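The structure under discussion appears below in the form of structure tokens.
Since the structure is predicted, the reported quantities are computational estimates derived from the model, not experimental observations. Every chain is numbered from 1 and lettered A, B, ... according to where its sequence line falls, protein lines coming before strand lines. Atoms considered below: every heavy atom in the structure, side chains included; atoms not considered: hydrogens, waters and symmetry mates.
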Protein chains: 2
Amino acid sequence: MSSRDPHPLTAFAQRLGSRVPLSEPASAAVLALPHSVRVMPAGEHIVRERDRPSHCCLMLSGFSYRHKIVANGGRQILAIHMAGDMVDLQNTFFASSDHNVQTLTQCEVAFIPRTSLEELAFSFSSVGKAMWLETLIDGSIFREWIANVGRRNAKQRIAHFLCEFAVRLEAIGLGETCNYELPMTQEQIGDVVGLTSVHVNRTLMALDREGLTERTRRSVIILDWQQLARAGDFNTHYLHMPEQPSALA
Amino acid sequence: MSSRDPHPLTAFAQRLGSRVPLSEPASAAVLALPHSVRVMPAGEHIVRERDRPSHCCLMLSGFSYRHKIVANGGRQILAIHMAGDMVDLQNTFFASSDHNVQTLTQCEVAFIPRTSLEELAFSFSSVGKAMWLETLIDGSIFREWIANVGRRNAKQRIAHFLCEFAVRLEAIGLGETCNYELPMTQEQIGDVVGLTSVHVNRTLMALDREGLTERTRRSVIILDWQQLARAGDFNTHYLHMPEQPSALA
DNA sequence: GGGCGTCATTAACATTTGTTGGGCGACAAG
DNA sequence: CTTGTCGCCCAACAAATGTTAATGACGCCC
């Protein structure tokens with residue numbers, strides 16, 4: 001492994017360490033996890049519903065999403081994942097997956113055997129606790145999304161999503177909070193917030209017209225963070241970030 | 001502790017054991033957890049948003065619910081909890097709670113210190129794994145709820161909720177699947193499925209008229225399980241129950 | 001450079017869901 | 001027994017969102 005090609009699990013170890021301080025040996029054990037790195041094109045399945053995944057997948061770059069298909073063929077996106085996210089702690093301990101995971105863009109992913117991860121979690125309680133915290137944060141985001149689709153109107157939902165994406169991107173050091181690429185079609189945004197693509201379009205245009213955002217294709221510029229956050233009833237509390245960036249609401 | 005008053009944590013130990021087999025000492029350690037039992041009247045707060053809970057709370061009897069309040073004063077219920085559920089694994093490891101938990105009926109709850117629970121989880125990996133599984137199942141239910149409010153219409157949402165409640169009640173040995181007491185007002189049901197109480201009423205009446213259910217006050221009788229499950233796009237898969245009752249869809 | 005497919009945009013119209021407000025019955029408090 | 005409150009039920013109307021369909025822009029492949 002050359003210096004131009006750092007160890008692929010470094011970012012993961014740092015992320016866990018930011019939740020719970022890791023001792024030197026614990027950190028080394030994380031880096032020693034067996035894994036294989038794969039590059040996957042956009043639109044490919046990482047996990048399918050009813051699969052019994054034997055590996056857990058860690059995002060190294062790119063974006064992926066979880067989703068479910070409902071009776072009438074509608075699709076609901078349940079989460080968006082980006083670099084550093086553990087994509088399948090959610091399913092690996094179940095007998096079979098209850099939802100799909102698919103790449104949104106081209107992705108580099110590291111596959112780690114479920115059993116190795118499990119052993120590690122119970123050999124180093126610091127690592128176990130950090131991983132547990134990660135799953136709890138996933139849960140917290142799920143809860144916020146329930147509230148978002150259940151009790152907010154179209155404008156609030158979309159504003160909230162734009163804010164969340166911005167904050168999460170910045171937290172991992174990709175893009176500025178107020179100017180980023182959103183790698184999704186309006187139909188996919190609709191599947192996130194429980195709206196049709198037509199209504200997503202109406203609402204995005206309205207946000208632009210009101211001067212809160214400025215979009216061109218996939219790029220989003222947030223012109224007035226305070227107002228957008230207010231419009232989306234957004235607050236970083238539920239993200240439980242290690243240190244709260246004080247600049248944001 | 002007399003024989004008429006069994007150890008309050010027995011059910012909890014059994015529940016964990018149904019997920020991951022527990023050795024004799026592991027099981028004993030669960031029962032040895034320090035705890036204090038309290039009876040709480042209906043409508044009381046167990047956890048408030050922004051609290052830093054030092055104790056985790058285990059439901060012994062009764063029903064409680066998690067919820068968030070959004071900008072316009074709307075409320076979204078995020079989960080319903082019943083006997084045997086661990087109410088606050090969700091929050092105890094965070095610096096502060098991101099939502100509220102409140103009793104729905106009178107409840108008996110056992111408060112267990114967070115630190116004891118944490119120590120136990122890392123002393124006995126079987127217990128740790130079982131607890132982890134519990135939180136993953138909570139997450140799975142959250143995901144299903146996102147899909148429910150995001151992509152199903154009123155009839156589907158409510159039918160789905162009625163089915164879920166029925167199956168969960170039966171799983172813990174309370175009430176039959178097709179005839180139970182639902183301890184919620186129609187407004188609270190609305191807060192679960194993201195609808196107004198007026199529309200919940202319309203929809204419940206329609207289910208009755210179509211012969212799928214029969215209700216009087218808080219009692220629900222499911223006349224045609226198959227059809228109700230189909231109407232609600234309901235399937236027990238996401239509940240990840242230890243043994244699937246084959247009688248249900 | 002031309003052709004093709006995907007995606008954003010818009011409009012007209014349909015449907016679902018929300019809002020308001022009133023009546024009624026069950027239950028609890030006095 | 002009376003009264004008040006709460007929750008269920010209902011109807012008329014309002015608003016939000018979905019549906020369908022057409023158009024144009026853009027990027028990609030040959």
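- Residue-level contact check: Thr196(A) touches the bases, meaning some heavy atom is under 4.0 Å from a base atom.
- Ring geometry for His240(A) against Phe94(B) counts as parallel: the plane angle stays under 30°, on a 0 to 90° scale with 60° as the upper cut.
- With dC27(C), dA8(C), dT20(D) as the candidates, the nucleotide lying closest to the side chain of Arg217(B) is dC27(C).
- Straight-line distance from the CD atom of Gln186(A) to the C1' atom of dC7(C): 8 Å, rounded to whole Å.
- Along DNA chain D, the nucleotide nearest to Val198(B) and the one nearest to Thr185(B) differ in position, and the one closer to the 5' end is contacted by Thr185(B).
- Of the candidates Ile189(A), Ile80(A), Leu169(A), Leu182(A) forms a side chain to side chain contact (heavy atoms under 4.5 Å, CB included) with just one, namely Ile189(A).
- Within 4.0 Å (heavy atoms only), Gly190(A) reaches no atom of the nucleic acid at all.
- Leu182(B) has its CG atom 14 Å from the P atom of dG7(D), to the nearest Å.
- Lys155(B) has its NZ atom 16 Å from the C1' atom of dT15(C), to the nearest Å.
- We find that CD of Glu187(B) is positioned 7 Å from P of dG7(D), with the value rounded to whole Å.
- Each of Arg215(A) and Arg151(A) lies near DNA chain C, and the nucleotide nearest Arg215(A) is the one positioned closer to the 5' end.
- Between the CG atom of Leu195(B) and the C1' atom of dT19(C) there is a distance of 14 Å, rounded to whole Å.
- Among all heavy-atom pairs drawn from Met59(B) and Met82(B), the shortest one is CB-O, 3.4 Å.
- Residue Asn201(B) places none of its side-chain N or O atoms closer than 4.0 Å to OP1 or OP2 of dC8(D).
- The residues Glu144(A) and Arg152(A) are annotated as salt-bridged, a charged nitrogen and a carboxylate oxygen being separated by less than 4.0 angstrom.
- Per the geometry, CD belonging to Gln188(B) stands 8 Å off P belonging to dG7(D), to the nearest Å.
- Side-chain atoms of Asn153(A) lie closest to dT17(D) of the nucleotides dT17(C), dT17(D), dC10(D).
- Summarising the geometry, the separation between CZ on Arg152(B) and P on dT17(C) is reported as 14 Å, rounded to the nearest angstrom.
- Residue contacts shown for Gly74(B) are absent, as no nucleic acid heavy atom lies under 4.0 Å away.
- If Arg218(A) and His199(B) are placed on DNA chain C by their nearest nucleotide, the residue sitting closer to the 5' end is Arg218(A).
- Rounded to whole angstrom, the span from the CG atom of Leu204(B) across to the P atom of dC10(D) amounts to 11 Å.
- Heavy atoms from other residues, nucleotides or ligands lying under 6.0 Å from CZ of Arg48(B) number 12 at most.
- A donor-acceptor contact under 3.5 Å links the side chain of Arg202(B) to the base of dG18(C).
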